[in-house]
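Working notes for the structure below.
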Amino acid sequence: MATLELFNTLSGKIDTLEPVGAPELRMYCCGPTVYDYGHIGNFRTFLHVDVLRRFVHQLGIPTKHVMNVTDVDDKIIRNAAAAGLPIAEYTAKFEKAFFEDLTALNIELPEHISHATKSIPEMVSLIQQLAEKDIAYQAEDGSWYFRIARDPDYGKLSKKDLENITDGARVDLDEYEKDAARDFALWKAVKPPVNGIPEPSWDTALGIGRPGWHIECSAMATKFLGQSFDLHAGGEDLMFPHHENEIAQSECASGTTFARHWMHVRFLLVEGRKMSKSEGNFYTLRDLLLKGYRASAIRFLLLSVPYRNQMNFTIDGLTESTNAVDRLRTFHKRLLTGTFPEGLDPTIAAATVKAEQDYTAALASDLNTAEARAAIFDLVRAANAAADRCTLLAGNVAEILRVLALFDGVFAVLEDRDAALTRVALAWAEREGRLDEASPELLATLALTDADIDALVAERTQAKKTRNFARADAIRNDLLAKGILIEDGKDGVRWKRK
RNA sequence: GCACCGAUGGCGAAGUGGCUAACGCGCUGGUCUGCAAAACCAGUAUUCGAGGGUUCGAUCCCCUCUCGGUGCUCCA
């Protein structure tokens, strides 16, 4: 059985990822802050963590995977106040949307999902442990901070030189109530209400206030996975300061290694530029679904570039990806519905074995999703060619379907749920009064039911029988304009939504 | 400013000190078809940002430059 060789930010090299001290792989992935809809950059990270989890399962290793939901932070407080809503009500909406998006992208749910606001006692306890060691201290305003000077290992993840950091920032020391400028907040004392809306706060042994940004992950990872666990993952931007601070808090409190392995997914560009609202290239998943792009194509595109490389997300790429997924589905359908002579062709059998080996080797090698994809397309081409030559035999088909299922166990795009998912997105847009953002072609396509289309296709077939090609082509072109493609196969007529 | 990463065909994107530089999409021609579509076949980078160096040999190692990205502050 192969092992997963994965780049480890902490060691700076490729290390074998495997469970230590437990049968399952214990992993923690930084989840969303539910203050807005998720954008494709967010989902690139979650998608690659999903690949990791699915591949680890294929290696025969179960996972204990924890993801947090940050449901209290500065942005949430600010936005909820602006909307005039209690934060619980405000975050509930975006949390629901987030999980709908995970479903649309076929991302498996972690074993444990943990809310920051449900783990306050654990956070308080962790800060108290640090306070006992004089590593946490309370400032004049009542907030608690972490004393970086007491942690000789600080900076080991992001490879930062502590001296440089503090020297550079010490200039503005007067503005801080902290002992050193780089000390970070563990617990934020409550502030006065804004516009009559009180800030969310908890009355604890540390005083009335709310948790700092980093403490929740330390507390919840430890709560579910123990003081030491196998893997911690997140976007590259979280490496510093978030993950660095998690390590500092956790290891100073426990005296032992926090996560052994750290995985960071690189950012993506959109149309060659940094994604930002001001550039006009900022896409949420919902934006793309309303424009008529399929969830499966989005998933496939975001997985086509390995996680450690920067990827350039483009609308053209989405079209390509749609076509690539279609080719896989067409091939899959061909194997499922075709009839093949008994027997086993040795050449195809060898190509099948090679594809499986290449696929596994690619993912085992730092999750090289691009090579894994290539391995499967090699097999698709070989098998299609054999089928055209009538040398593809039933024994081969069974094996190829097995390898295809293996591939799809990670890429998860063969099953066509796209039209249904798009309908869900449209229903949401209607509720939110945002139906005007949907593309007209999409609305035209979905206005036709499957039965409507079947009736038109039948009429066209009838017209063809009477050699009324003008009528037949008119129906085909009309459907095509509404995004429905007709294919006349040897064994009947098929149609699909584009 | 300091630190780090990247630059491969029309587009996206793997990869390697020396074998025909994967794979996908696109495009061109062919087979099939009433015409299409799908599928297949053939073609599509004498070349891997620019310049220099190391080497018998570099796209892959080193240096400089240009461009893009990221971190140093909230961000997946």
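The structure presented is a predicted model; accordingly, all values stated were derived computationally and were not measured. Sequence lines set the chain letters: A, B, ... in the order given, protein chains first and strands last, and positions in each chain run from 1.
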- Note on the structure: Applying the 3.5 Å cut-off to both distances, the Watson-Crick or G-U partner of G1(B) turns out to be C72(B)
- Message: Could you tell me how far apart Tyr28(A) (OH) and A76(B) (P) are, to the nearest whole angstrom?
- Response: 13 Å
- Message: Mind checking if Gly234(A) touches a base, just sugar-phosphate, or nothing, with heavy atoms under 4.0 Å?
- Response: sugar-phosphate
- Item | Pairwise 5' ranking along RNA chain B for Arg266(A) and Asp388(A), keeping only the more 5' one | Arg266(A)
- Phe46(A) or Thr319(A), whichever maps to the more 5' nucleotide of RNA chain B: Thr319(A)
- Out of G71(B), G34(B), A38(B), which nucleotide sits closest to the side chain of Thr330(A)? A38(B)
- Task: Using a heavy-atom cut-off of under 4.0 Å over every strand shown, decide if Leu301(A) touches base, sugar-phosphate, or nothing.
- Result: nothing
- Item | Centroid-centroid distance, His261(A) to His232(A), less than 6.0 Å | no
- Task: Could you check whether Asn368(A) gets within reach of a base, just the sugar-phosphate, or nothing at all, counting any heavy atom under 4.0 Å?
- Result: sugar-phosphate
- Message: Can you identify which nucleotide, out of A14(B), C40(B), C5(B), has its nearest atom closest to the Ala385(A) side chain?
- Response: C40(B)
- Grab the CG-P distance between Leu157(A) and G71(B) for me, whole Å please. 15 Å
- Does any N or O in the side chain of Asn68(A) come within less than 3.5 Å of the main-chain N or O of Cys217(A), such that one atom is a donor and the other an acceptor? no
- Nucleotide nearest Lys75(A) (side chain, heavy atoms from C-beta), chosen from G34(B), A37(B), C74(B): C74(B)
- Item | Nucleotide opposite G10(B) in a Watson-Crick or G-U pair, distances under 3.5 Å | C25(B)
- Query: Who is the Watson-Crick or G-U wobble partner of C56(B), with both distances under 3.5 Å?
  - Reply: G18(B)
- Between CE of Met67(A) and CD1 of Ile113(A), what distance do you get to the nearest 0.5 Å? 5.0 Å
- Tyr28(A)-Phe224(A) aromatic ring centre distance below 6.0 Å: no
- Could you tell me if the ring centre of Phe184(A) sits under 6.0 Å from that of Tyr145(A)? no
- Measure from the side chain of Gln310(A), starting at C-beta and using heavy atoms only, and say which of G69(B), G15(B), C35(B) lies closest. G69(B)
- If you count the non-hydrogen atoms of other residues, nucleotides and ligands that lie under 6.0 Å from NZ in Lys496(A), is the total more than 12? yes
- Task: May I ask you to verify if any side-chain N or O of Arg334(A) is less than 4.0 angstrom from the OP1 or OP2 atom of A39(B)?
- Result: no
- Within the pair Asn309(A) and A14(B), is there a side-chain N or O less than 4.0 Å away from OP1 or OP2? yes
- Message: Considering every strand and a 4.0 Å limit on heavy-atom distances, what is the contact class for Val265(A): base, sugar-phosphate, or nothing?
- Response: nothing
- His48(A) side chain near Leu303(A) side chain, heavy-atom distance below 4.5 Å: yes
- Task: List in numerical order all residues of residues 457-466 of chain A for which some heavy atom is under 4.0 Å away from an atom belonging to RNA chain B.
- Result: Arg460(A), Lys464(A)
- Given the P atoms of A3(B) and A13(B), what is the spacing between them in whole Å? 28 Å
- Distance in angstrom units between Lys333(A) NZ and A39(B) P, rounded: 12 Å
- Note on the structure: Separation of A76(B) atom P from Leu269(A) atom CG, nearest Å, is 16 Å
- Task: Please measure how far the P atom in U20(B) lies from the corresponding atom in U47(B), and state the result in whole Å.
- Result: 16 Å
- Query: Roughly, in whole Å, what's the span from NE2 in His39(A) to P in C74(B)?
  - Reply: 17 Å
- Roughly how far apart, to the nearest Å, are C63(B) and G26(B) at atom C1'? 39 Å
- Task: Under 4.0 Å between any heavy atoms, over every strand shown, what does Leu268(A) touch: base, sugar-phosphate, or nothing? Just pick one.
- Result: base
- Message: In whole Å, measure the gap between the C1' atoms of U31(B) and A36(B) for me.
- Response: 15 Å
- Message: Heavy atoms only, 4.0 Å cut-off, all strands: where does Pro32(A) land among base, sugar-phosphate and nothing?
- Response: nothing
- Nearest-Å distance once atom P is located in both C11(B) and U16(B): 23 Å
- Where along nucleotides 19-24 of chain B does protein come under 4.0 Å, by heavy atom, of base (B) or sugar-phosphate alone (S), with - for untouched nucleotides? ---BSB
- Item | Whole angstrom value for the distance that separates C1' of A39(B) from CG of Leu328(A) | 14 Å
- Message: Rounding to an integer number of Å, can you tell me how far Met239(A) CE sits from U70(B) C1'?
- Response: 10 Å
- Query: Using a cut-off of less than 4.0 Å, is there contact between a side-chain N or O of Lys274(A) and OP1 or OP2 of U70(B)?
  - Reply: yes
- Message: Under 6.0 Å between ring centres: does that hold for His243(A) and His214(A)?
- Response: no
- Query: Can you tell if the side chain of Cys29(A) reaches within under 4.5 Å of the side chain of Pro110(A), non-hydrogen atoms only?
  - Reply: no
- Message: Could you check whether any side-chain N or O of Lys188(A) sits under 3.5 Å from a backbone N or O of Ala185(A), counting only pairs where one atom can act as donor and the other as acceptor?
- Response: no
- Query: How far does the P atom of C67(B) sit from the matching atom of A50(B), given to the nearest Å?
  - Reply: 15 Å
- Message: Work out how far the P atom of U54(B) is from that of G12(B), and round it to whole angstrom.
- Response: 34 Å
- Message: Give me the distance, rounded to whole Å, that separates C40(B) from G18(B) when you measure between the P atoms they each carry.
- Response: 32 Å
- note: Arg389(A), atom CZ; U31(B), atom C1'; distance rounded to Å ~ 14 Å
- Message: Would you say the ring centers of Phe55(A) and Phe411(A) fall short of 6.0 Å from each other?
- Response: no
- Side chain of Asn384(A) only, please: which of C40(B), A14(B), C35(B) is the nearest? C40(B)
- May I ask you to check whether His39(A) and Tyr283(A) place their ring centres under 6.0 Å from each other? no
- Within the stacking criterion (centroid distance below 5.5 Å, interplanar angle below 30°), does Phe267(A) stack on A76(B)? yes
- Message: Under a 3.5 Å cut-off for both contacts, is G49(B) paired Watson-Crick or G-U wobble with anything, and if yes, with which nucleotide?
- Response: C65(B)
- Item | Any strand: nucleotide that pairs with C32(B) via Watson-Crick or wobble, under 3.5 Å | none
- First locate atom CD1 of Ile247(A), then atom CG of Asp153(A), and finally report the distance between them rounded to the nearest 0.5 Å. 9.0 Å
